[in-house]
Amino acid sequence: LQLSTSCLGGTTTFVTYGALLSESSARTTFPQLYNFRLVRVNGYRRCFAHPHCFLVSRGLTTGNRFASLSAEKSAGASFIGAAFSVELDQTQQRAFLEREAEY
């Protein structure tokens, strides 16, 4: 996952589909987020598709059950996600990249 440094100091809107669907969870990384809302994302579907290093490193996996949530293109599909905006600074960018490093 990469965020452009040109985003710093300006408004950045995130569209999310996993843990950040919860406004309280999103606020742990972006305390000053605003305009939190549910959105429909067309042309994509949510799926469990790849192992997440965080889950493995914390021993939260069992057997072959260790995939984490992803989104992939899928014609005619859609899912409900969340969108919110932040005035992105270096501290929030670093927190986001640490939280979502696997993506």
Side-chain angles (χ1 to χ4, degrees):
L1 179 70
Q2 294 181 357
L3 291 177
S4 169
T5 56
S6 66
C7 296
L8 295 176
T11 301
T12 301
T13 300
F14 289 89
V15 176
T16 67
Y17 56 87
L20 294 173
L21 276 169
S22 159
E23 184 172 356
S24 61
S25 179
R27 285 190 184 280
T28 64
T29 303
F30 301 108
Q32 304 302 319
L33 70 81
Y34 59 95
N35 198 21
F36 187 92
R37 64 218 180 264
L38 296 180
V39 297
R40 178 169 299 280
V41 179
N42 294 310
Y44 287 82
R45 67 179 181 173
R46 294 175 1 142
C47 61
F48 289 92
H50 70 280
H52 195 297
C53 292
F54 173 81
L55 299 175
V56 175
S57 70
R58 296 284 198 270
L60 300 174
T61 61
T62 58
N64 62 355
R65 295 179 180 228
F66 57 87
S68 60
L69 193 57
S70 297
E72 66 183 12
K73 286 186 177 185
S74 181
S78 68
F79 65 86
I80 300 297
F84 57 86
S85 298
V86 296
E87 299 301 323
L88 194 62
D89 61 24
Q90 287 182 334
T91 301
Q92 291 181 103
Q93 182 185 45
R94 190 170 33 260
F96 177 69
L97 292 174
E98 288 173 8
R99 176 183 176 140
E100 304 294 327
E102 187 64 29
Y103 299 94

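Residues Val15 and Val41 meet the side-chain proximity criterion, which asks for heavy atoms closer than 4.5 Å. Contact of the Glu23 side chain with the Leu33 side chain is registered, since non-hydrogen atoms from C-beta on lie closer than 4.5 Å.
Between the side chain of Thr28 and the backbone N or O of Ser25 there is at least one donor-acceptor pair closer than 3.5 Å. In this structure, the side chain of Ser74 does not engage the main chain of Ala77 through any donor-acceptor pair within 3.5 Å.
Separation of the Tyr34 and Phe84 ring centroids does not fall under the 6.0 Å cut-off.
The CG atom of Leu21 sits 9.5 Å away from atom CD1 of Ile80, with the distance rounded to the nearest 0.5 Å. In this structure, the separation between CZ on Arg45 and NZ on Lys73 is 14.0 Å, given to the nearest 0.5 Å.
No side-chain N or O of Ser85 forms a donor-acceptor pair with one of Thr11 less than 3.5 Å apart.
Smallest separation of non-hydrogen atoms from Ser78 and Asn42: CB-OD1, 3.4 Å.
Other residues, nucleotides and ligands contribute at most 12 non-hydrogen atoms within 6.0 Å of the OH atom of Tyr44.
Leu88 and Phe36 fall within a single hydrophobic cluster, where Ile, Leu, Val, Met, Phe, Trp and Tyr side chains are chained together by heavy-atom contacts under 4.5 Å.
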